[in-house]
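Report on one structure; see the data block that follows.
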Amino acid sequence: MPERYRAPRGAADLLPEDQPYWRWVQDTATRVAESYGYGEIQTPVFEHAGVFLRPGSEGTDLADKEIYAFQDRGGDDLALRTDGTHGVARAYIEHGMSSRTQPVRLFYLVCVFRYDRPQAGRYRVHHQFGVEAIGDGDPYIDAEVIDLQRTFYEALGLRDLRLALNSIGDVNCRPAYIEKLRAYYAYKLDRLCGDCRRRYDVNPLRMLDCKNEPCQPFKAAAPRSIDNLCEPCAEHFASVRSLLKGLGQPYTIDPALVRGIDYYTRTAFEFLPPDDEGQQSTIGGGGRYDGLIEQLGGRPTPGFGFGTGIERIILNLKRQGSAPRAVTTSTVFIAIASRDLQSKALIVARDLRSAGFDAVIGNASRSLKSQFGAADALGARYVLILGPRDLVEGLVTVRDLQAHTETRLPLTEIASFPKRLNP
RNA sequence: GUGGGCGUGGCCUAGCGGUUAAGGCGCCAGGUUGUGGCCCUGGAGAUCGAGGGUUCAAAUCCCUCCGUCCACCCCA
């Protein structure tokens, strides 16, 4: 017995019946992004591992334990993409996009890979819709992209999402802030949870969103990054807030919002469902990454973007009972009464398709009754019966499954039969 | 990486120590030798997740492993 395989852990199949949701979300994403002037970009599923594993990326879970890295047969170190931003940034540099009109506005719909234990709303292969505006550090861009994201959610009917906003400073002010944070926690370490003691060394910012009970009292009084921004960062953040206010875009400042990817600077944000009880409920998030392009060998170039998880969007759409609008089709099912008419059926089906119908051919070795059953299961509107009895007169029978009516038509006129059937 | 729940035909579920593992959905066929959705009848389809153990006897009890789901970590 050959081994029976199943999809690898955390990797799911998307069956035909799942597609309406996916199409809906992806079509909406494309439409909204293009309406803001963003152009679609596709980058490879894998990159040189160094694109993701840069100096500074160590200490993040994403780089340390979630990356799918491998050597190919030629010995190159490659890695499956963990997000969309890295590849886009690499492509921006590689294709000299800095000589295009700035900012370069890009969007993508991609699958990304993270080695992690799957659970509700989390997979090892998941899909993201993302947007990147590269080459303009103006706070206006932050507001535009956040606005785009909310517009996208609302176009899907995802309402009441909460926007959590923070600023984590830049290379000029963050080191000092981190030291301040360390100083604050230094003499409290023995009262913190084990995770936080570990974070103290590796990534002190992460201590801010610890959920363990012993650490809660200290979090509230911890120094906040927004109170420790350098002047340019503070001005930037104030502008972003002012622009969001002008847009009527509600948000809450979340001093504990620290994003897990190393390249973020200044603005960081997340969209969360209104009832966000779960910890992995973030629907989408992003921020500014003014150092990334430079880290990848480009000239210093600011960037801003978000990524949002399609699986989580669909999860939330289903939770709130939203469904894609049903598509009405007019499929014609060709039932074959006699096996020697298969060749004829192929031709008739082709003619119907070029007349704009969907046409599906029945299994000629099955009874007509069975073929009608198949037409039903398919949701076909019409069944065209191809049988010798009609054919000797050059006719076919067409049954309307919805109207329960039936007509015989000349074979030469089938392309226009609905008009003849429902004048 | 850590913890917990669950693994019975394609799907959902009953059985929880003792004759050929039961039902529903779905699938196939017949009831109309050229006609659907309802109904009736019949049929196919199960190494009871895998391996080991206890027992006269195990889907049922024990152990190990695997898978899966949920939670933690973290993130979309």
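So that the names make sense, note that chain A is the first sequence line, chain B the second, and so on, each numbered from 1. The basis for the numbers below is simple: all heavy atoms, side chains too, and nothing from hydrogens, waters or symmetry mates.
Not a single donor-acceptor pair, N or O on each side, falls under 3.5 Å between the base of B:G37 and the side chain of A:Lys369. With hydrogens and angles ignored, a donor-acceptor pair closer than 3.5 Å exists between the side chain of A:Glu406 and the base of B:U35.
Between B:A14 and B:U55, the distance separating the two C1' atoms is 25 Å to the nearest Å. Taking atom P in both B:A50 and B:U68, the straight-line distance is 16 Å, to the nearest Å. Rounded to the nearest Å, the gap between the P atom of B:A59 and that of B:G53 is 15 Å. Spacing between B:A58 and B:G4 at atom P, rounded to whole Å, works out to 30 Å. B:G18 and B:A22 have their P atoms separated by 15 Å, with the value rounded to a whole Å. Between B:G26 and B:G43, the distance separating the two C1' atoms is 14 Å to the nearest Å. B:U60 and B:C69 have their P atoms separated by 24 Å, with the value rounded to a whole Å. B:C48 and B:G67 have their C1' atoms separated by 16 Å, given to the nearest Å.
Among the protein residues, A:Asp83 comes within range of no part of the nucleic acid, since none of its heavy atoms lies under 4.0 Å from any strand. Residue A:Arg117 is classed as a base contact, given a heavy-atom separation below 4.0 Å to a base. Across all strands shown, A:Thr397 has heavy atoms under 4.0 Å from base atoms, whether or not it also approaches the sugar-phosphate. Within the 4.0 angstrom heavy-atom criterion, only backbone atoms of the sugar-phosphate kind lie near A:Gly284; the bases stay farther away. Within 4.0 Å (heavy atoms only), A:Ile283 reaches sugar-phosphate atoms of the nucleic acid but no base atom. Using a 4.0 Å heavy-atom distance criterion, A:His127 is classed as making no nucleic acid contact. Residue contacts for A:Gly130: at a heavy-atom cut-off of 4.0 Å it reaches no nucleic acid atom on any strand shown.
The CZ-P distance, from A:Arg124 to B:A76, rounds to 17 Å in whole Å. Counting to the nearest Å, the C1' atom of B:C69 and the CG atom of A:Leu315 are 14 Å from each other. Look at OH on A:Tyr5: it is 17 Å from C1' on B:A50, rounded to the nearest Å. Rounded to an integer number of Å, the gap from A:Glu66 CD to B:C72 C1' is 14 Å. Following rounding to the nearest Å, A:Tyr115 (OH) and B:A76 (C1') show an atom-to-atom distance of 19 Å. The CD-C1' distance, from A:Gln371 to B:G30, rounds to 16 Å in whole Å. Straight-line distance from the CZ atom of A:Arg6 to the P atom of B:U68: 6 Å, rounded to whole Å. Separating the CG atom of A:Leu368 from the C1' atom of B:U33 is a distance of 12 Å, rounded to the nearest angstrom.
For the salt bridge (Lys or Arg N to Asp or Glu O under 4.0 Å) test, residues two or more places apart in sequence or in another chain that qualify with A:Arg224 are A:Asp227.
The distance between the ring centers of A:Tyr289 and A:Phe304 does not fall below 6.0 angstrom. Taking the ring centroids of A:Phe129 and A:Phe306, they lie under the 6.0 Å cut-off.
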* To do: Decide ring pair (Phe, Tyr, Trp, His ring centres under 6.0 Å) for A:Tyr153 and A:Phe271; before the verdict, give the C-alpha distance in whole Å, the side-chain angles of both, and the deciding distance to 0.1 Å.
  => CA-CA 10 Å; A:Tyr153 294 138; A:Phe271 278 94; 5.2 Å; yes
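Across B:C70, B:G30, B:U35, the shortest atom-to-atom separation from the side chain of A:Ala120 is found for B:C70. Here the side chain of A:His126 is nearest to one of B:U68, B:A76, B:G36, namely B:A76. Candidate nucleotides B:G36, B:A71, B:C74 were compared by shortest atom distance to the side chain of A:Asp116, and B:C74 ranks first.
With A:Tyr184 as the aromatic partner, A:Lys180 does not meet the cation-pi criteria of under 6.0 angstrom to the ring centre and within 45 degrees of the ring axis. Cation-pi geometry between A:Arg124 and A:Tyr115 is met: the NZ or CZ atom falls under 6.0 Å from the ring centre, inside 45° of the normal.
Scanning RNA chain B for stems, defined as runs of 3 or more consecutive Watson-Crick or G-U wobble pairs whose donor-acceptor distances all fall under 3.5 Å, gives the following ranges: B:1-7 with B:66-72, B:10-13 with B:22-25, B:27-31 with B:39-43, B:49-53 with B:61-65.
Here CG of A:Leu244 is found 6.5 Å from CG of A:Leu163. Values are rounded to the nearest 0.5 Å. For the atom pair A:Thr28 OG1 and A:Glu154 CD, the distance stands at 13.0 Å (nearest 0.5 Å).
Using bins of under 30°, 30° to 60° and over 60° for the plane-to-plane angle, the ring pair A:Trp24/A:Tyr21 lands in the tilted bin.
Put simply, A:Arg9 has no side-chain N or O that comes within less than 4.0 Å of OP1 or OP2 on B:C66. For A:Gln119, a side-chain nitrogen or oxygen approaches OP1 or OP2 of B:A71 to under 4.0 Å.
Map A:Arg114 and A:Leu391 each onto its nearest nucleotide of RNA chain B; the residue landing nearer the 5' end is A:Leu391. Toward the 5' end of RNA chain B, the nearer of the two residues A:Glu270 and A:Phe372, judged by each one's closest nucleotide, is A:Phe372.
Applying the side-chain hydrogen bond (donor to acceptor under 3.5 Å, both in side chains) test to residues at least two apart or on different chains, the pairs with a partner in residues 86-95 of chain A are A:Glu47-A:Arg90, A:Arg54-A:His86, A:Asp83-A:His86, A:Arg90-A:Glu94, A:Tyr92-A:Gln102.
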